[in-house]
S.K.: 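One structure coming up, written as structure tokens, with questions to follow.
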Amino acid sequence: MNFVLHGYAVSGGITVGYAHLVSTARLEVAHYEVAPGAIEGEVERFDRAMAAAQDELQELKEHIAPDAPQEFAAFLDLHRMILNDSALAVTPRELIRARGSNAEWALVQQMERLTARFDEIEDPYLRERKSDVEHAVERVLKALMGGAHTSKALAEATASEEQKLIVVAHDLSPADMILFKRHRFGGFVTDVGGVTSHTAIVARSLGIPAIVGLHHAFQTISEGEMLIVDGERGLLVVNPDPVVLAEYRERQAELKTERQRLKRLKKTRSATQDGTPVELFANIELPQDTAEVLESGAEGVGLFRTEFIFLNRKDLPSEEEQFEAYRQVAEALKDKPVVLRTLDVGADKAMNGDDDVHTMPNPAMGLRAIRFCLAEPQMFLTQLRAILRASHYGTVRILLPMVAHAHEIDQTLTLIQQAKSQLEERGQPYDRAIQVGGMIEIPAAALALQIFMRRLHFLSIGTNDLIQYTLAIDRTDDAVAHLYDPLHPAVLTLVANTIQTATRGGMPIAVCGEMAGDVQFTRLLLGLGLRNLSMHPSQLLPIKERILHTNLSEVQAAAQRVLRNTDPAKTRDLLARLNS
């Protein structure tokens with residue numbers, strides 16, 4: 001049956017493909033009684049799902065890349081061992097027979113009994129094995145909840161480049177998204193999430209259509225169903241009829257032609273019509289993203305989110321591993337600047353598969369970003385040494401996230417000096433004049449900018465968190481996503497004053513949040529005085545085209561009118577005129 005679900009568009013474009021459900025054992029599964037005569041059939045269904053999960057793990061192991069870390073194979077072996085244990089391989093079968101229940105419910109019931117025991121273990125390493133049990137069970141659940149359709153979807157998806165798999169999930173963490181970067185999916189849709197959650201940000205970095213906040217997609221869509229993800233309007237079309245499909249195929253072709261046209265601007269100098277230069281940089285999550293940065297024609301990396309190197313693993317990356325990752329980016333960019341943001345974990349980005357961050361009273365305002373790093377000085381020193389060592393191989397800069405107090409800057413500068421001394425003792429080279437900047441993403445920092453300007457070399461406005469903290473809106477929560485408003489007068493005042501104060505003081509300032517990559521805000525930001533923007537590589541050429549067609553004197557006057565206005569409806573009308 002053809003139907004449409006509405007959500008929030010987080011990554012533009014259109015894709016047609018087949019649903020690939022990514023289940024989570026933390027979701028409630030259906031519980032129903034199985035007829036006495038069908039119980040043995042249900043046990044056999046459970047056995048088939050267990051066998052399918054084991055086969056999938058074995059196949060994954062056989063296709064591990066030669067240069068992949070050894071932990072990958074060990075990780076897969078651990079999951080196979082968990083599934084072989086009688087607690088999961090045998091006990092659910094007994095539950096099916098004893099209670100006449102369906103296989104999914106029996107499996108999750110047993111999983112919950114097992115994971116409850118892990119919570120009582122004092123040893124942190126053993127306690128973390130709880131997530132391995134959950135992940136192994138999730139693989140079996142996926143097989144139980146539609147695995148029979150998966151092979152059909154895969155076969156049809158690989159038969160044509162246009163027919164790709166579309167991930168459908170209740171929720172995806174940023175760590176999940178990083179894993180999906182290694183696969184060629186056509187799109188992502190989730191029931192929950194906000195447009196500026198880190199999951200959405202990583203989805204945008206993949207350059208594929210994505211929608212969040214669909215609410216009931218995971219429950220209503222079956223594995224292998226045909227989907228159209230309209231990342232322009234936030235629409236998910238399920239089982240489209242031939243007329244709708246033909247219309248979207250035509251729109252796909254138009255968008256492809258538009259992308260090809262924009263590629264001609266790659267080597268064009270970024271400047272307004274009156275010749276004022278505007279620097280365009282790229283945001284990345286992993287070293288392999290540099291290929292896309294170079295392809296986009298960016299003038300450098302304005303934001304390297306280093307925390308993504310720390311995700312999807314049980315241990316911390318060593319200094320050597322971090323150094324190699326940072327050096328790889330610095331060398332790839334040659335003489336172009338690379339701004340490395342120090343570890344920014346917490347809120348929706350948990351390390352080590354750790355769920356503890358979500359049990360904090362308010363993780364978005366808890367021990368995260370620079371606060372977390374300063375609470376773990378040895379870990380922080382390891383990263384600082386790795387960054388400093390990489391600075392010998394290119395133009396590397398350090399960016400500190402979520403600064404709010406002068407003492408945070410002072411403590412960090414002391415640690416940087418300590419890291420420098422340690423490298424000098426080893427005889428390892430680094431850039432002695434490396435620049436250190438700070439992110440302005442807390443209203444307190446925007447309102448007390450002079451404190452930071454006296455201590456730092458450059459500033460970068462993180463609009464995502466600045467809006468979140470100014471409006472008290474959890475940007476990962478779709479229940480309040482409609483209140484997330486970049487055009488709120490308080491937000492615009494903070495952004496404008498920060499740009500103006502920094503510019504008057506001769507302090508370089510950029511915007512690296514999602515506003516920088518949204519073409520509807522380009523002229524507004526230019527009119528407010530911004531001359532440096534950093535965004536995902538896929539967003540750079542549309543932004544450059546808007547800059548090339550901008551008359552600076554006109555947008556400066558229009559931006560001031562927007563800034564003075566306090567009526568939300570009129571603000572949007574003024575912005576529309578600015579972009580006409």
Side-chain angles (χ1 to χ4, degrees), residues 1-22 149 152-169 172 177 180-181 183-190 195 199-214 217 220-266 291-292 295-297 514 517-520 535-546:
M1 183 179 68
N2 183 336
F3 63 94
V4 177
L5 296 175
H6 297 257
Y8 300 104
V10 297
S11 184
I14 294 168
T15 192
V16 179
Y18 293 92
H20 178 57
L21 271 61
V22 177
H149 301 284
K152 172 181 179 291
L154 280 168
E156 293 182 353
T158 53
S160 167
E161 181 63 24
E162 296 301 317
Q163 297 176 341
K164 298 179 179 179
L165 293 184
I166 294 166
V167 172
V168 180
L172 292 170
M177 296 300 296
F180 291 143
K181 270 196 165 192
H183 304 278
R184 290 189 175 183
F185 288 111
F188 297 88
V189 298
T190 63
V195 293
T199 299
I201 290 169
V202 179
R204 273 190 285 276
S205 77
L206 297 173
I208 58 177
I211 304 171
V212 300
L214 289 163
T220 55
I221 294 170
S222 299
E223 184 80 23
E225 284 192 295
M226 177 175 274
L227 304 176
I228 297 175
V229 181
D230 184 344
E232 305 293 315
R233 296 183 291 181
L235 301 179
L236 179 67
V237 185
V238 184
N239 293 321
D241 60 42
V243 175
V244 172
L245 185 59
E247 179 187 332
Y248 270 102
R249 291 287 192 202
E250 186 176 341
R251 288 184 60 197
Q252 264 188 314
E254 291 171 356
L255 288 172
K256 186 175 181 180
T257 301
E258 176 67 9
R259 285 194 296 271
Q260 291 299 322
R261 184 185 67 80
L262 286 173
K263 284 183 179 179
R264 300 172 188 169
L265 299 177
K266 176 183 173 181
E292 195 179 355
E295 180 62 28
S296 72
E514 293 304 296
D518 192 333
V519 71
Q520 71 169 321
M535 66 211 71
H536 293 297
S538 61
Q539 300 166 322
L540 193 140
L541 292 178
I543 297 295
K544 181 185 282 189
E545 182 181 48
R546 180 57 56 92

S.K.: Check side-chain contact (heavy atoms from CB on, under 4.5 Å) between I211 and all other residues, then give those that pass, not counting sequence neighbours.
M.R.: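 Partners of I211 under the side-chain contact (heavy atoms from CB on, under 4.5 Å) test: V189, L214, V229, L236.
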S.K.: Find the distance between OG1 (T190) and OH (Y8) and round it off to the nearest 0.5 Å.
M.R.: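 If I round to the nearest 0.5 Å, the distance is 11.5 Å.
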S.K.: Residues in salt bridge (charged side-chain N to carboxylate O under 4.0 Å, His left out) with D518, at least two apart?
M.R.: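 Not a single residue meets the salt bridge (charged side-chain N to carboxylate O under 4.0 Å, His left out) criterion with D518.
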S.K.: Could you go through V238 and V4, starting from their C-alpha distance and side-chain angles, then the distance that decides it, and tell me whether this counts as side chain to side chain contact (heavy atoms under 4.5 Å, CB included)?
M.R.: CA-CA 6 Å; V238 184; V4 177; over 6 Å; no
S.K.: G186 and P209: which non-hydrogen atoms are nearest, and at how many Å?
M.R.: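 For G186 versus P209, the nearest heavy atoms are O-CD, 3.5 Å.
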S.K.: Looking at E247, is its backbone amide N or carbonyl O close enough to the side chain of E250 to form a donor-acceptor pair, meaning the two atoms are under 3.5 Å apart?
M.R.: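 Side chain of E250 to backbone of E247: no pair is present.
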S.K.: When you measure from the side chain of E545 to the backbone N and O of P542, does any donor-acceptor pair fall under 3.5 Å?
M.R.: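 Between the backbone of P542 and the side chain of E545 there is no qualifying donor-acceptor contact (under 3.5 Å).
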S.K.: Please round to the nearest 0.5 Å and tell me the distance separating atom CD1 of I208 and atom CD1 of I166.
M.R.: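 I208 atom CD1 to I166 atom CD1 measures 9.0 Å (nearest 0.5 Å).
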S.K.: Return yes if some donor-acceptor pair links the side-chain N/O of E225 with the main-chain N/O of A19 below 3.5 Å, else return no.
M.R.: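 Here the side-chain-to-backbone pair does not exist.
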S.K.: Please enumerate all residues that pass side-chain contact (heavy atoms from CB on, under 4.5 Å) together with L245, with sequence neighbours excluded.
M.R.: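 In terms of side-chain contact (heavy atoms from CB on, under 4.5 Å), with neighbours along the sequence ignored, L245 is linked to V16, M226, I228, P240, R249.
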S.K.: If the condition is side chain to side chain donor-acceptor pair (under 3.5 Å), which residues does E258 pass it with, not counting sequence neighbours?
M.R.: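 Only R261 meet the side chain to side chain donor-acceptor pair (under 3.5 Å) criterion with E258.
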S.K.: E292 side chain to P537 main-chain N or O, any donor-acceptor pair under 3.5 Å?
M.R.: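 Not confirmed, E292 side chain does not pair with P537 backbone.
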S.K.: Does any non-hydrogen side-chain atom of L265 lie less than 4.5 Å from one of K263?
M.R.: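 No, too far: nothing below the 4.5 Å cut-off.
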S.K.: Who pairs with R233 by side-chain contact (heavy atoms from CB on, under 4.5 Å), at least two apart in sequence or on another chain?
M.R.: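 Once residues adjacent in sequence are excluded, the partners of R233 under the side-chain contact (heavy atoms from CB on, under 4.5 Å) criterion are D230, L235, Y248, R251.
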S.K.: How about Q539 and E514: do any of their side-chain heavy atoms sit closer than 4.5 Å?
M.R.: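 Yes. Closest side-chain heavy atoms under 4.5 Å.
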S.K.: May I ask you to test the N239-L227 pair for a side-chain heavy-atom distance under 4.5 Å?
M.R.: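 The answer is no, as the side chains (C-beta and beyond) never meet within the 4.5 Å cut-off.
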S.K.: What's the spacing between I543 CD1 and S538 OG if we round to 0.5 Å?
M.R.: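 The OG atom of S538 is 10.0 Å from CD1 of I543, to the nearest 0.5 Å.
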S.K.: Roughly how far, to the nearest 0.5 Å, is the OG atom of S296 from the NE2 atom of H536?
M.R.: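 One gets 12.0 Å once the value is rounded to the nearest 0.5 Å.
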S.K.: How long is the span from the CG atom in L541 to the CE atom in M535, to the nearest 0.5 Å?
M.R.: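 Separation between the atoms: 10.0 Å.
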